[in-house]
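In what follows, a single structure is set out as structure tokens and then discussed.
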Amino acid sequence: MTSPVTTTVRDTASVPVVVGVLGGGRMGAGIAHAFLIAGARVHVVERDAEAAAQARGRVEAALTRSAARGTRLPDADALTTSVDTGAFAEAGLVVEAVPEDRALKLGALARIEGAVRDDAVVASNTSSISIDALAGAMRRPQRFLGLHFFNPVPASALVEVVTGADTAPEVVTRATRWVEAIGKAAVVVRDAPGFASSRLGVALGLEAIRMLEEGVASAQDIDTAMERGYRHPMGPLRTTDIVGLDVRLGIAEELERAFGARFTPPALLRDLVAQGHLGRKTGRGFYEWSE
């Protein structure tokens, strides 16, 4: 890694010795960071060498920021990045963290299941796609569940542990313990469209977008109303910018299929996504952003 390292003082017995992450984007890198800080060895697998190098850069940047806040870093060889899912062979947990597309996730999960040992736990970081729908194509659905991390992972305090119809109770218990070991609160929810957080968060976000579209108030004033009036740490439009407008649109479309018109995405959201204005990651969404 690029910065001086020391051995972490976390209890490594509380997380799997080896954790795999398939997908090293913003979410995957954040998940890798969380388990590295907790004492695991982490293998991140990406689609090609360039993406793997970028994933390493994201994780190392997050570790550097953690070191600046006084967190002890893992050993230099604790993180590996590659393009080969064979790196997951010894993992006790592998988290799929590819974009929110059902077909893409099904393919990713098949690759993971073909590489891991029989007793490994496989988790999807999906924020809205049915765990049971994903599990239907798996050979060991009892070892599969959802671990819905929030963006940005290092700063977030919550992980949803989403149980499928076939998820073994002991897998839920272990996953909950792992979430707590990386310093996050775990809430256990059964598989349902949007789970708990996405369903509620998207409902609020879509209504805020409709209000902006109708000219009810400015983006800043809508957000301030929720921050100051209801003590939300961040308003729904700024939150949408951080999550990504494309991500919110995908979740809304998934929920619209399940629940109908109340989750129909506003035209403003579709237009901004079509224009490539996806929020903080592109520099513009409902706000202008600069790193």
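Nothing fancy with the numbering, it's 1 onward along the sequence.
Although no hydrogens or angles enter the test, the distance criterion places no donor-acceptor pair under 3.5 Å between the side chain of T71 and the main chain of A67. Within the 3.5 Å criterion, the main-chain N or O of Q142 finds no donor-acceptor partner in the side chain of D166. In terms of modelled atom types and a separation under 3.5 Å, the side chain of S124 and the main chain of G146 share no donor-acceptor contact. Remark: side-chain polar atoms of R56 are paired, donor with acceptor, to backbone N or O of L79 under 3.5 angstrom. For the pair K184 (side chain) and V153 (backbone), a donor-acceptor distance under 3.5 Å is present. Side-chain atoms of E96 come within 3.5 Å of backbone N or O of V98 as a donor-acceptor pair. Judged purely by atom type and a 3.5 angstrom limit, E160 uses its side chain to pair as donor or acceptor with the backbone of A196. No donor-acceptor pair under 3.5 Å is formed between the side chain of D84 and the backbone N or O of A87. Of the possible polar contacts, one joining the D101 side chain to the A103 backbone as a donor-acceptor pair under 3.5 Å is found. Between the side chain of E227 and the main chain of G235, a donor-acceptor pair closer than 3.5 Å is present.
Looking at every heavy atom in both residues, F144 comes nearest to A135 through CD2-CB, 3.7 Å. Of all heavy-atom pairs between F259 and P193, the closest is CE1-CB, 3.5 Å. Of all heavy-atom pairs spanning A186 and T176, the tightest one is CB-CG2, 3.8 Å. Residues L104 and P99 approach most closely at CD2-CD, 3.6 Å, considering heavy atoms. Residues V45 and V83 come closest through the heavy atom pair CG1-C, 3.8 Å. Contact between G24 and E46 at its shortest, heavy atoms only, is N-OE2, 2.9 Å.
Considering V202, V273, L206, L272 as possible partners of L249, the one that fulfils the side-chain contact (heavy atoms from CB on, under 4.5 Å) test is V273. Of the options V122, V121, V17, a side-chain contact (heavy atoms from CB on, under 4.5 Å) to L93 is made by V121 and by none of the others.
Among residues two or more places apart in sequence or in another chain, the ring-ring contact (aromatic ring centres under 6.0 Å, His included) test is passed with Y287 by none. Shown here are the side-chain hydrogen bond (donor to acceptor under 3.5 Å, both in side chains) partners of E254, two or more places apart in sequence or in another chain: R102, R257. Legend: residues meeting side-chain hydrogen bond (donor to acceptor under 3.5 Å, both in side chains) with R270, ordered by chain and number and at least two apart, are E253. A search for side-chain hydrogen bond (donor to acceptor under 3.5 Å, both in side chains) contacts involving R262 returns nothing, not counting sequence neighbours.
In this structure the side chain of M27 reaches within 4.5 angstrom of the side chain of N151, judged on heavy atoms. Side-chain contact between V189 and V161 is absent, with no heavy atoms from C-beta onward closer than 4.5 Å. At least one side-chain heavy atom of L269 sits less than 4.5 Å from a side-chain heavy atom of L245. I182 places a side-chain heavy atom less than 4.5 Å from the side chain of F149. Taking 4.5 Å as the limit, some side-chain heavy atom of K105 sits within range of a side-chain heavy atom of T126. Within the 4.5 Å cutoff, side-chain heavy atoms of L63 are placed close to those of P74.
Looking at R143 and D119, no side-chain N of the basic residue comes within less than 4.0 Å of a carboxylate O on the acidic one, giving no salt bridge. Ion pairing between a basic and an acidic side chain is recognised when a charged N comes within 4.0 Å of a carboxylate O; E213 and R210 show no such pairing. Under 4.0 Å is where a charged nitrogen must lie from a carboxylate oxygen, and between R284 and D241 no such pair does.
For the atom pair CD of E100 and CG of N125, the computed distance is 8.0 Å after rounding to the nearest 0.5 Å. Interatomic distance, L237 CG to I242 CD1, rounded to the nearest 0.5 Å: 11.5 Å. Atom CZ of R280 sits about 4.5 Å away from atom CZ of R26, to the nearest 0.5 Å. A distance of 8.0 Å separates NE2 of H43 from OG of S82, quoted to the nearest 0.5 Å. Taken to the nearest 0.5 Å, the CZ atom of F286 stands 6.5 Å off from the CG atom of L212. Taken from OG in S128 to CZ in F263, the straight-line distance is 11.0 Å, to the nearest 0.5 Å.
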*Carefully, step by step, assess Q220 and T224 under the rule side chain to side chain donor-acceptor pair (under 3.5 Å).*
CA-CA 6 Å; Q220 183 63 69; T224 299; 3.1 Å; yes
_Stepwise side chain to side chain donor-acceptor pair (under 3.5 Å) test for R248 and T240_ = CA-CA 7 Å; R248 273 282 163 93; T240 298; 2.8 Å; yes
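Other residues, nucleotides and ligands place more than 12 heavy atoms under 6.0 Å from the CZ atom of R117.
Side chain to side chain, E60 and T64 fail the donor-acceptor criterion of an N or O pair below 3.5 Å. With no hydrogens or angles considered, no side-chain donor-acceptor pair links T85 and R111 at under 3.5 Å.
Listed by first and then second residue, the ring pair (Phe, Tyr, Trp, His ring centres under 6.0 Å) pairs involving residues 66-99 amount to none (not counting sequence neighbours). Counting only residues at least two apart or in different chains, ring pair (Phe, Tyr, Trp, His ring centres under 6.0 Å) contacts with residues 150-175 comprise H148-F150.
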